[in-house]
Amino acid sequence: MITLDYKIALDEINHIISVSKNKVDDVLEFLFNNFEKYSWIGIYIVKGNDLHLGPWRGKQVTEHTKIPIGKGICGSAAKSGKTEIIPDVNRDPRYLSCFVSTKSEIVVPIKKDKKIFGEIDIDSDRKNAFSSVDKEFLEKIADMLSLHI
Ligand code: SME
């Protein structure tokens with residue numbers, strides 16, 4: 001169930017999407033500025049057999065700007081079409097490390113016409129940062145963004 005703060009955030013994101021010229025960038029900016037546990041947020045887009053990094057927000061750039069579908073947490077979510085929640089990245093052998101500070105990760109596919117178009121990838125410096133509420137919240141945002149990217 002989505003709690004009140006997330007509901008307010010969804011309303012705000014709806015508003016950003018309806019008025020902004022740079023919808024994806026501004027949604028990322030909003031999430032990065034308002035959810036402290038979202039330490040790094042990026043959008044990957046499917047191109048052929050790979051995921052390519054698009055807009056992102058965070059302190060550092062990642063070396064993983066191109067990830068083959070099927071590889072890493074990002075590639076796994078792109079292959080299955082299902083959200084991945086990794087409570088402790090150091091315990092998942094698929095994990096491709098970007099930042100030493102990252103402790104947990106969520107990857108949410110973005111679908112267009114039932115096909116995987118891309119995904120939202122969020123790293124957190126906190127262990128076990130992502131709950132089913134984050135999943136529901138971010139899946140709604142992925143649906144909203146899919147109409148605009
Ligand atoms: N950790 C990801 C790679 C992308 S970085 O987190 C930005 C993975 O395992 O696929």
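Read the numbers this way: they start at 1 and go in the same order the structure lists the ligands and their atoms. Since we're looking at a predicted model, the values are computed, not measured.
- In terms of protein heavy-atom proximity, atom 8 (C) of ligand 1 is nearest to I73 N, 3.3 Å.
- Heavy atoms of W40 come nearer than 4.0 angstrom to ligand 1 in at least one pair.
- Residue G72 approaches ligand 1 through these ligand atoms, each under 4.0 Å from one of its heavy atoms: 9 (O), 10 (O).
- At a 4.0 Å heavy-atom cut-off, ligand 1 does not touch V89 at all.
- For ligand 1 and Y95, the ligand atoms under 4.0 Å from any heavy atom of the residue are 1 (N), 9 (O).
- Salt bridge K115/D113: absent, no basic N to carboxylate O contact under 4.0 Å.
- Residues L51 and L138 do not share a hydrophobic cluster, defined by chaining ILVMFWY side chains whose heavy atoms lie under 4.5 Å apart.
- Taking only nitrogen or oxygen atoms, main chain and side chain alike, E105 reaches within less than 3.5 Å of ligand 1.
- We find that D88 and K127 are joined by a salt bridge, their nearest charged nitrogen and carboxylate oxygen being less than 4.0 Å apart.
- Residue Y38 is tested with D134, D123, N33 for a side chain to side chain donor-acceptor pair (under 3.5 Å); the sole match is D134.
- Checking only distances, D123 does come within under 3.5 Å of ligand 1, N or O to N or O.
- Within 6.0 Å of the NZ atom in K23, the count of heavy atoms belonging to other residues, nucleotides or ligands exceeds 12.
- D25 and R57 are joined by a salt bridge, as a carboxylate oxygen and a charged side-chain nitrogen come within less than 4.0 angstrom of each other.
- Against a heavy-atom cut-off of under 4.0 Å, Y44 is close to the following atoms of ligand 1: 4 (C), 7 (C).
- Scanning both residues, A77 and V107, for their nearest heavy atoms gives CB-CG1, 3.6 Å.
- Under 4.0 Å from ligand 1, not a single heavy atom of W56 appears.
- Among all non-hydrogen protein atoms, the one lying nearest atom 5 (S) of ligand 1 is C98 SG, 2.3 Å.
- Considering backbone and side-chain atoms together, G75 places no N or O closer than 3.5 Å to any N or O of ligand 1.
- Near D121, with a cut-off below 4.0 Å to any heavy atom, the atoms of ligand 1 are 4 (C), 5 (S), 6 (O), 7 (C).
- Of all protein heavy atoms, the one lying nearest to atom 3 (C) of ligand 1 is L96 O, 3.6 Å.
- Checked against the 6.0 Å centroid criterion, the rings of Y6 and F35 qualify as a close aromatic pair.
- Under the 3.5 Å distance criterion, with hydrogens and angles disregarded, no donor-acceptor pair is assigned to the side chains of N128 and S104.
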